[in-house]
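Indexing begins at 1, ligand by ligand and atom by atom, following the structure's order.
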Amino acid sequence: MLSSQDIAKIRKDTPGCSDKLFFNSAGSSLPVREVVDRQINYLQEEALFGGYKTMAKYASEAAEAYVEAAKLLGCEPHQVAFCESATVAYYRVISTMRFEMGDVILTSELDYISNFIVFDQLRRKHNISLAFLKKDVDGSFDLEAVRKQFTELHPKMVAVTHVPTSSGVVQDVIAIGKLCNEFEVLYLVDGCQSVGQLEVDVKAIGCDFLSCTGRKFLRGPRGTGFLYVSDRALTMNLVPISADGDTTIWQSADEFEYGNTAKKFETFERSYSNLLGFGAALKYLNGVGIKNIEAYNTTLGNHLRNGIKSKTEILLMDHGSNLSNIITLYHPNFQLEKVTSQLDEHQIYYSIARKSMAFLDFAQKGVDWAIRLSPHYFNTIEELDEAIDILATMH
Ligand SMILES: Cc1ncc(COP(=O)(O)O)c(C=O)c1O
């Protein structure tokens, strides 16, 4: 459990958090000082000695980033690939697969827009179709109905976003993973909004792939992300179209050996300052402990939701029995421009979640946009109370 001294230290390590009410970790969070220092120092050295010499000098530090990512996800370092973003990681996974007309991808209505764009392209190019995992009235997966979908649709792949960008609901990726394993279906989880705020154990989920970004709840640099690849997927010889000469051996005129680690999902050319900065962010987060972070985040999320319910007339738009720290708010009297200028005026940092980014979710909720607040473990209860008082004046 994080003590008030721990939080004070974390806040001291986070230069951006003291002069504002920063609740946008689901967008792009605040890094700790040592992450930014690591990036800057590396870049300065790279400028003096060139990219290759500097990369070689810090090879063992770079290797540590894989160890930290693996520690966080409950996997092995060889199962981790670093990428430039979650979207890049995601489409590299999709590019490993041979889709044919009539193939079905089973997904959720709450999946991320980039994932839907990939599916749309597969539909146009390969005539695949999409089906949505069936839900109960309370929004949880209806596992009996989903089992039926597995037997009737024979999905080629199941793809689920763990925590959607537009809603705090935590989708039951473990239950879906059990079915994927039983029916031997490849399973891709988008962990972009869950990793870093919640404990995410890829073995417990039973996924073949999990994609994630660095800048959100992991508090890493922009332009970073990673991908977990299961040993099952690695032994299936699935190769992304982006694999390059760094990890591949050209054996004969038309034979390439692609290797058996997640590194084939990386490319040789990338930002080492970002990689080492991301490694420092992961190390810091592991040092605080994801169980501690999740417990404190639950306290923050409950406090904010309860305060909004009891002290304001604003509607909480997230539905479901298991909610995380993406908190979306709306009131029919809200006018977007007015609301955003009021939030800006009070130095509240937020995002606006829009229907154009989460069409199916927001069409069901009947709104075009919502304010999204996403407190994280450097925030305090006092900050939340300040924000609740401001929100109470805002309709
Ligand atoms: C659930 C989810 N998946 C994927 C992404 C895409 O991440 P990136 O911008 O790193 O590609 C986001 C970004 O907001 C997201 O919220």
Would Y58 and Y272 satisfy ring pair (Phe, Tyr, Trp, His ring centres under 6.0 Å), going step by step from the backbone distance to the final call?
CA-CA 9 Å; Y58 293 107; Y272 272 79; 9.9 Å; no

Quick one: look up the protein heavy atom nearest atom 3 (N) of ligand 1 and list residue, atom name and how far away it is.
D190 OD2, 2.6 Å

Tell me whether the centres of the aromatic rings in Y350 and F23 are closer together than 6.0 Å.
no

Starting from atom 10 (O) of ligand 1, what is the nearest protein heavy atom, named by residue and atom, and what distance separates them?
T213 OG1, 2.5 Å

Is S114 close to ligand 1, meaning an N/O of one under 3.5 Å from an N/O of the other?
no

So which heavy atom in the protein is nearest atom 5 (C) of ligand 1, and how far is it from that ligand atom?
Y112 CE2, 3.2 Å

Ring centroid separation Y349 to F22 under 6.0 Å
yes

Taking all non-hydrogen atoms of both residues, which atom of Y187 and which atom of G177 are closest, and how far apart?
CE2-CA, 3.2 Å

What is the nearest protein non-hydrogen atom to atom 11 (O) of ligand 1, stated with its residue, atom name and distance?
T87 OG1, 2.5 Å

A student checking ligand 1 against T161 at a 4.0 Å heavy-atom cut-off should list atoms 1 (C)

Salt bridge (charged side-chain N to carboxylate O under 4.0 Å, His left out) between K135 and E109, intermediate numbers included
CA-CA 10 Å; K135 295 216 158 168; E109 285 155 331; 5.6 Å; no

Single hit among N115, T165, T213 for side-chain hydrogen bond (donor to acceptor under 3.5 Å, both in side chains) with D190
N115

Taking 4.0 Å as the limit for heavy-atom contacts, which would you say applies to A86 with ligand 1: side chain only, backbone only, both, or neither?
both

Could you pull out, from Q193, R215, K216, the option with a heavy atom nearest to atom 8 (P) of ligand 1?
R215

